[in-house]
Amino acid sequence: MDSAAISASSPSSYLATKLRNPNPLPTRLNFPQSKPFPSLKSPIPAPSFHPCRVATTSSSSSQTPSLAKTNLNRLISEFQSLSSPIDRVKRLLNYSALLPPLDDTARTDSNRVMGCTARVWLVVTMDSDGKMRFRADSDSEITRGFCCCLISVLDGAGPEEVLGLKTEDLGELSGVVGGGLNGGSNSRVNTWGNVLVGMQKRTKGLVGEREGKVPGEAFPSLVVTAEGIEAKGSYAEAQARFLLPDELKVQELVNVLMEKKIGVVAHFYMDPEVQGVLTAAQKHWPHIHISDSLVMADSAVKMAKAGCQYITVLGVDFMSENVRAILDQAGFSEVGVYRMSSERIGCSLADAASNPAYMNYLEAASMASPSLHVVYINTSLETKANAHELVPTITCTSSNVVPTILQAFAQVPDLNVWYGPDTYMGANIMELFQQMTVMTDDEIAEIHPEHNRDTIRSLLPRLHYYQDGTCIVHHLFGHEVVEKIKEMYCDAFLTAHFEVPGEMFSLAMEAKRRGMGVVGSTQNILDFISHRVQEALERNVNEHLQFVLGTESGMVTAIVARVSRLLGSVKPSSGRPKVNVEIVFPVSSDSITTPSTSSHGLSLGVIPGVASGEGCSINGGCASCPYMKDFLDLLAMGSANGLTGYRGKQPLLSFGVISDVQYADIPDGRSFIGVRRYYRHSILVLQRAVQKWNNSEKLKFTVNFGDIVDGFCPKDQSLSSVEKVVREFETFNGPVYHMIGNHCLYNLPRDKLLPLLKIPTLDGRAYYDFSPVPEFRFVVLDGYDISAIGWPQEHPNSVEALKFLREKNPNSEKNSPENLIGLERRFLMFNGAVGKEQLEWLDSVLQDATESKQKVVVCCHLPLDPGASSKEALLWNYDEVMDLVHRYNCVKVCLAGHDHMGGHSIDSHGVHHRVLEAALECPPGTDAFGHVDVFHDRLLLFGTDRMESTEMIFTP
């Protein structure tokens with residue numbers, strides 16, 4: 001949609017989720033955008049010292065306990081003496097040349113170091129004097145230089161000295177050397193830490209072997225490959241058993257949900273049997289959503305908009321309350337919300353906040369002015385309301401708690417922030433801010449651009465957190481589990497929820513600093529794993545990725561589904577490298593139970609969680625709660641309550657939809673408002689869409705809603721990129737109907753673009769209609785008929801557009817909405833209008849459709865209703881077009897693209913407006929496409945992943 005994007009490094013995962021604020025302060029919290037860093041350039045002098053030669057030829061055992069630190073300081077001084085960043089890179093390359101290569105017998109997968117951008121092989125031995133010897137190699141010269149430097153520090157050291165060196169000890173060296181590396185420097189510099197951790201893990205193993213220690217028992221895990229799933233350990237076998245549920249049970253559930261028009265919102269932490277059935281049922285009934293607690297309510301609203309009459313909430317009580325409140329706020333008070341038990345479904349955090357001690361904590365807060373209460377979403381509405389009576393209260397999630405607090409401090413002078421009730425999260429926030437006091441101002445600005453070391457130090461005394469509120473689930477990640485992770489999984493990717501105890505948090509933060517971890521929400525964890533798997537696939541080499549799941553094991557269903565889809569998206573071939581993904585469950589033996597028979601007739605050796613008790617459990621977590629397990633039969637019993645609803649019939653036809661692919665062979669970037677864009681991944685979304693459409697064998701055609709190549713595509717690649725995307729569309733087994741968007745026109749003029757898209761054209765215009773079945777007609781509008789882009793500069797349509805913009809937009813930059821108010825904000829150069837001749841054509845088409853008793857679906861790249869779109873994305877003369885449409889009763893639905901967030905509205909005449917979510921903004925492993933089933937009285941859009949499913953019932 002927009003005219004510009006900003007290339008930038010990945011933001012903190014905390015900034016990924018929008019702020020929800022049901023109890024706002026009088027002032028609004030505005031989140032500014034972080035700025036990318038410039039790269040440095042300078043001449044390259046000759047290097048001098050050859051340390052690696054000394055280290056690899058020495059067999060002396062004379063290393064002293066301080067010698068490794070001495071070597072490290074010498075190395076730092078050497079690089080600091082080089083004033084130019086490029087000089088340091090040249091020196092690093094000299095080290096690379098000194099590193100003896102490993103032979104092929106040592107360059108094996110078992111010797112690989114996980115987490116490095118390039119492939120790194122590491123061989124560790126212990127000599128006869130008990131000293132550690134290191135050899136390494138890489139397929140990257142820069143990385144070989146890193147390895148050589150590290151070997152020069154530690155080769156010949158004793159085990160205690162190798163294990164005593166910390167990754168933060170390398171921080172100064174990383175800063176000095178990394179300053180010379182352009183783009184991607186963070187991932188390169190992470191090599192220091194990851195190779196050191198690999199050295200230390202192998203050193204521990206050799207020391208244990210010398211001392212005769214028996215290796216510890218591995219945590220249970222699931223290994224996901226393109227061929228299937230392998231379970232290691234009884235706990236993992238129990239988890240895997242539920243990933244492929246009984247199809248009869250799935251169909252039984254789907255039938256009930258469809259008949260009664262029931263939507264289901266469930267938490268990621270539901271029992272694996274529950275999630276397995278729901279995930280399978282999603283393929284047949286779109287109104288099922290599994291997410292974290294915040295998104296559950298938003299999903300319920302979308303289901304209500306799509307026509308669901310009842311919402312079933314699978315989770316604890318505060319989740320049901322939140323869904324009920326948000327539905328009421330959105331105007332859907334008539335939609336019923338159902339819990340799966342008449343008994344209380346508790347949560348330890350919600351209970352802690354309802355304790356009188358918490359109100360006493362807030363009484364103290366009310367005495368310090370100004371104060372803000374930041375409350376975790378895992379609390380009841382009663383708690384939030386009572387708190388707001390005492391202190392202005394704002395709700396947060398684990399995804400946005402850090403930017404929420406930082407923005408509040410930045411915006412309100414001398415503010416006191418009181419966080420609660422989760423003690424672990426509060427302590428972790430405090431620890432994070434204390435770590436920020438030793439970061440550089442530039443590093444702090446990446447987290448929040450209005451802060452620096454001085455502001456962080458000043459806010460610490462004014463940040464308070466409740467001391468007596470604990471999520472019992474995350475309490476299970478205590479000392480014993482942390483020590484085992486350090487011992488056996490220190491070189492694996494580590495994921496952790498923000499509420500885990502301090503030891504686990506510190507471990508995950510250390511992994512995060514070297515690119516090997518994530519601390520955040522359940523969605524952050526899912527996205528992190530997806531990104532790493534996608535990166536491995538793109539490297540096109542054998543990989544074994546190991547992820548320690550530092551949160552409730554109920555997450556595994558969503559993770560396995562996402563990973564399987566990613567691995568399955570790659571076309572198999574005999575010579576293609578294999579990527580294996582191992583999900584490790586850091587649980588103790590207490591986390592399993594040996595039952596006789598499960599509640600649904602499955603005979604299992606063990607099941608996750610404890611056999612009795614209610615609510616959370618330190619042994620099994622949320623998934624062990626009986627309220628989160630025994631709901632399938634209750635849900636299926638919905639047929640007994642007399643509910644009635646629409647039962648699906650065979651559609652008249654079905655067609656595929658996708659919008660805003662905006663492919664370009666360039667690195668990922670951001671929109672002008674900071675939204676992440678995945679230029680190379682978007683064509684993979686299209687490929688998966690076409691594959692799914694072809695597999696369905698029922699789609700009559702596909703509609704592409706424009707913008708197939710991005711405006712940032714290099715102009716010498718415009719033609720080839722358009723042709724590349726068109727070829728992907730042409731693999732669909734049926735006709736494809738295209739429309740043009742602004743990004744298409746940034747790349748090619750109309751006279752070259754329209755023939756490639758096979759758009760029927762009259763004097764360069766791109767509007768047309770077609771009738772795939774007698775009952776329906778599809779009308780494709782040309783939203784850039786009157787436009788300042790795409791036409792020759794002297795063309796009357798271009799002249800008219802420029803004159804229009806000069807009258808409507810006073811800004812010198814015509815893509816800027818600055819000072820434009822309300823609906824005037826649509827008068828931007830990247831939008832356009834329907835011209836007079838096209839309006840006359842549309843009038844005649846609608847008149848003919850009315851006479852032929854046809855229902856009409858209008859398609860346009862630009863949205864036609866402000867209720868479904870941002871004001872900045874609308875067609876310039878949408879109101880004129882809709883005035884014409886409303887004269888007839890034949891138009892039932894208007895479909896559009898352009899506004900990447902998507903949207904749905906029903907206008908004053910009952911016409912549905914559905915704006916489709918963009919393929920461009922799908923992170924690796926996610927999709928945004930769908931298909932539409934057409935019935936006499938409605939359209940049913942079945943979206944995939946980020947494209948929301950929508951039911952559009954026609955107004956008579």
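Being a predicted model, the structure only gives us computed values, none of them experimental. In this chain, residues are counted from 1 in sequence order.
In this structure, CD in Glu948 is found 6.0 Å from OG in Ser299, a value given to the nearest 0.5 Å. Rounding to the nearest 0.5 Å gives a distance of 11.0 Å between CG of Leu566 and CD1 of Ile529. Rounding to the nearest 0.5 Å places OG of Ser221 at 9.0 Å from CD1 of Ile583. Of the inter-residue distances, the one linking Leu406 atom CG with Asn400 atom CG reads 11.5 Å to the nearest 0.5 angstrom. A distance of 8.5 Å separates OG in Ser369 from CG in Asn416, rounded to the nearest 0.5 Å. Expressed to the nearest 0.5 Å, how far CZ of Phe547 lies from OG1 of Thr495 amounts to 8.5 Å.
A salt bridge does not link Arg513 with Glu510: every distance from a Lys NZ or Arg NE/NH1/NH2 to an Asp or Glu carboxylate oxygen is 4.0 Å or more. By the 4.0 Å N-to-carboxylate-O rule, Asp491 lies too far from Arg514 to be salt-bridged with it. The pair Arg462-Asp414 does not meet the salt-bridge criterion, since no charged nitrogen lies less than 4.0 angstrom from a carboxylate oxygen. With respect to the salt-bridge test (charged N to carboxylate O, under 4.0 angstrom), the residues Lys166 and Asp169 do not qualify. With respect to the salt-bridge test (charged N to carboxylate O, under 4.0 angstrom), the residues Glu535 and Arg532 qualify. Residues Arg324 and Asp328 are paired through a salt bridge, judged by an N-O separation under 4.0 Å between the basic side chain and the carboxylate.
The main-chain N or O of Leu381 is found under 3.5 Å from a side-chain atom of Glu321 such that the two form a donor-acceptor pair. With hydrogens and angles disregarded, a donor-acceptor distance shorter than 3.5 Å links the side chain of Glu443 to the backbone of Thr440. Without hydrogens or angle criteria, Thr279 side chain to Gly276 main chain gives no donor-acceptor distance under 3.5 Å. Here the side chain of Asp441 pairs a donor or acceptor atom with the backbone of Arg453 at under 3.5 angstrom. Thr167 places no side-chain N or O within donor-acceptor distance of the main-chain N or O of Gly193, the cut-off being under 3.5 Å.
With a 4.5 Å cut-off on side-chain heavy atoms, His531 and Gln534 do not count as touching. Side-chain contact between Phe585 and Val548 is absent, with no heavy-atom pair separated by less than 4.5 Å. Counting heavy atoms from C-beta outward, Met296 and His267 have side chains that approach closer than 4.5 Å. At a threshold of 4.5 Å between non-hydrogen side-chain atoms, the residues Met319 and Asn322 do not count as touching. Looking at heavy atoms from C-beta onward, Thr312 lies in side-chain contact with Leu314 at the 4.5 angstrom threshold. Residues Val265 and Ile311 have side chains in contact (heavy-atom distance under 4.5 Å, counting atoms from C-beta outward). Looking at heavy atoms from C-beta onward, Thr423 lies in side-chain contact with Tyr465 at the 4.5 angstrom threshold. Put simply, the side chain of Leu327 reaches to within 4.5 Å of the side chain of Val323, judged on heavy atoms.
Taking the six-membered ring where the residue is Trp, Tyr361 and Trp418 present perpendicular rings, their angle passing 60° and hence far from 30°.
Closest approach of Pro586 and Leu549 over heavy atoms only: CD-O, 3.2 Å. Taking all atoms of both residues into account, the shortest heavy-atom contact from Met359 to Ala353 is CE-O, 4.0 Å. A pairwise comparison of heavy atoms in Leu390 and Ser366 identifies O-CB, 3.5 Å as the closest pair. Closest heavy-atom contact between Arg562 and Leu526: NH2-CD2, 3.4 Å. Shortest non-hydrogen contact noted between Met303 and Ile288 is CE-N, 3.8 Å. Heavy-atom minimum distance, His448 versus Pro403: CD2-O, 4.4 Å.
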CA sep, side-chain torsions, deciding dist, call: Asn452, Thr455, side-chain contact (heavy atoms from CB on, under 4.5 Å): CA-CA 5 Å; Asn452 53 45; Thr455 64; 3.4 Å; yes

Worked verdict on Tyr419 versus Tyr466 for ring-ring contact (aromatic ring centres under 6.0 Å, His included): CA-CA 6 Å; Tyr419 173 78; Tyr466 187 57; 9.8 Å; no

Stepwise side-chain hydrogen bond (donor to acceptor under 3.5 Å, both in side chains) test for Thr395 and Lys384: CA-CA 8 Å; Thr395 301; Lys384 294 181 177 76; 5.0 Å; no

Audit row: Thr437, Arg457, side-chain hydrogen bond (donor to acceptor under 3.5 Å, both in side chains) steps and yes/no: CA-CA 6 Å; Thr437 63; Arg457 289 192 188 103; 5.2 Å; no

Check against side-chain contact (heavy atoms from CB on, under 4.5 Å), Leu372 and Val374: CA-CA 6 Å; Leu372 170 68; Val374 178; 3.9 Å; yes

Candidate pair Val375 and Tyr358, rule side-chain contact (heavy atoms from CB on, under 4.5 Å), full reasoning: CA-CA 11 Å; Val375 65; Tyr358 194 73; 4.2 Å; yes

Verdict with reasoning, Asp317 to Arg339, per side-chain contact (heavy atoms from CB on, under 4.5 Å): CA-CA 8 Å; Asp317 283 342; Arg339 300 157 67 249; 2.7 Å; yes

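Residue Tyr489 is tested with Leu507, Leu494, Val584 for a side-chain contact (heavy atoms from CB on, under 4.5 Å); the sole match is Val584.
Relative to the six-membered ring of Phe219, Lys484 meets both conditions, a distance below 6.0 Å and an angle of at most 45° to the axis.
Heavy-atom contacts from other residues, nucleotides or ligands closer than 6.0 Å to CD of Glu382 number 12 or fewer.
For His451 and Phe433, the distance between ring centers is not under 6.0 angstrom.
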